[in-house]
Number of protein chains: 2
Amino acid sequence: MTDTGNGAAPAPMGRRERKKAATRRAIADAALRLFLERGYDAVGIREIADAADVSTTTLFKHFPVKEALVFDEDADQESSLLAAVRDRPEGRSVPAALRDHALRHRMAAADGDDRFTAFRELVAGTPALRDYAQAMWLRHTDALARVIAEESGLPGNDPACTALAHFALEAPRAAHGHDDPREAVVRAFDLLESGWRALAPGD
Amino acid sequence: MTDTGNGAAPAPMGRRERKKAATRRAIADAALRLFLERGYDAVGIREIADAADVSTTTLFKHFPVKEALVFDEDADQESSLLAAVRDRPEGRSVPAALRDHALRHRMAAADGDDRFTAFRELVAGTPALRDYAQAMWLRHTDALARVIAEESGLPGNDPACTALAHFALEAPRAAHGHDDPREAVVRAFDLLESGWRALAPGD
DNA sequence: CTTCAAAAGTGCATCCGTTGCACAAATTGA
DNA sequence: TCAATTTGTGCAACGGATGCACTTTTGAAG
């Protein structure tokens, strides 16, 4: 979770941006800790602000709504997903790029991570968070579909693009129950790969 | 007031239920009128309650959240949809029943109805309503998929059921842009019909 | 270094959706 | 007629979110 992946970007952040990011993290951390301790609905905004030692106004400058405190990394995940398709190596197909991304990011925290499973239970057990996550997922598939359309030259509203986006985000979910999740993901994407090749040869 | 005292009346609804339905309608009508006049966000709950001459407490007894005021007929539409599949004539296929229902209910208000287009613009132009409608649509497809599974004897989580439910609710949407929407709907359902027949012959 | 403007944060009052509570009125059944 | 349930009311309050005026911090220009 606390991964400031600095593979090729040593983060040229000035002191200002660093402090901003720090308070943001302080808020999100305090919020998640309290939520996990006592449940989402039992923790108020003012309380979180106190725990992070900021005012409620500041809190809402960083997170537009309460639910966003839980899905802190939403924006990062989405841009990382889109980048995986846009900046894929020359000659690599879109489904292949999505498979790589899924194996690298989605499955990492899947096995045996207490913190992560607690997080999932928190979301699953809170209607407000379930709804928010669902809406988030739809936004991601939409954005992904648009990028796929751009990259493949197909019309933006082509059902094939939305379907591929849909399946690509669904596959890691479905693989969770399997004994070997990684294998299941690879299989699923092989299926998409062959189907996609027939439609958009070369991309 | 108006005493319709009738000795052996079949009385589908008692006086009480009728009054309850009346206040419900009064609230929903007042709300929709105000929303269309001045926009969803510009009208407060207390104002609507005033216009309908009830207290806010009473308002929330009828509608759990503000958005529900707009989608008043949500529950009715869903049960009507499910009933169209469950109570379809003997020997009629599921897709055919869905097509009939779509042509009868979904397209009726589609052409040239000022009131209806204004309603759609209201929803489309209000993020909160868009989100709510989206979530509603997901609930409907889920419920429909379960009924289809029951009726066809397929396992409840069979992708074919969810897919059929998805497409059946999507078809009327997609047909809106066409010059002849009814024809487009018929075509779409013909497609579903043939595909379905291969999977569940007899249902 | 000084100065200045933008950014970040604060404190406070307030709005608004929503809920809980105690209570009155209507309705029903005995 | 007398309870008991249902339905509606008035009011106060809670929690989220916003607007405003204001101070502090920061980056950079002069």
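Here is the naming used below: chain letters follow the sequence lines, and residue numbers restart at 1 for every chain. In this text the structure is predicted, and so the values were computed from the model without any measurement.
Residues satisfying the salt bridge (charged side-chain N to carboxylate O under 4.0 Å, His left out) test with A:Arg33, not counting sequence neighbours, are A:Glu37. For A:Phe167, the ring pair (Phe, Tyr, Trp, His ring centres under 6.0 Å) criterion is met by no residue, not counting sequence neighbours. Residues passing the salt bridge (charged side-chain N to carboxylate O under 4.0 Å, His left out) test with B:Glu73, sequence neighbours excluded: none. By the ring pair (Phe, Tyr, Trp, His ring centres under 6.0 Å) test, B:His101 pairs with B:His105, sequence neighbours left out. Partners of A:Asp72 under the side chain to side chain donor-acceptor pair (under 3.5 Å) rule, at least two apart in sequence or in another chain, are A:Arg24. Residues passing the salt bridge (charged side-chain N to carboxylate O under 4.0 Å, His left out) test with B:Glu193, sequence neighbours excluded: B:Arg197. Scored by the ring pair (Phe, Tyr, Trp, His ring centres under 6.0 Å) test, B:Phe189 finds no partners at all (sequence neighbours excluded). The ring pair (Phe, Tyr, Trp, His ring centres under 6.0 Å) check on B:Phe60 picks up nothing, with sequence neighbours excluded.
Crowding of A:Asp190 atom CG: a count of heavy atoms from other residues, nucleotides or ligands under 6.0 Å exceeding 12.
Applying the side-chain hydrogen bond (donor to acceptor under 3.5 Å, both in side chains) definition to pairs two or more places apart or across chains, those involving residues 123-139 of chain B are B:Asp74-B:Arg139.
Heavy-atom contacts of chain B under 4.0 Å fall on DNA chain D between two terminal nucleotides, which in 5' to 3' order are D:dT6 to D:dA13.
The NZ atom of B:Lys66 sits 8 Å away from the C1' atom of C:dC16 (whole-angstrom rounding). One atom, CD1 of B:Ile45, and another, P of C:dT19, lie 10 Å apart when rounded to the nearest Å.
For the segment residues 125-138 of chain A, no residue has any heavy atom less than 4.0 angstrom from an atom of DNA chain D.
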### Task
Encode nucleotides 5-13 of chain C as B, S and - characters from 5' to 3', where the letter depends on protein heavy atoms closer than 4.0 Å: B to the base, S only to sugar-phosphate, - to neither.
-BBSBBBB-

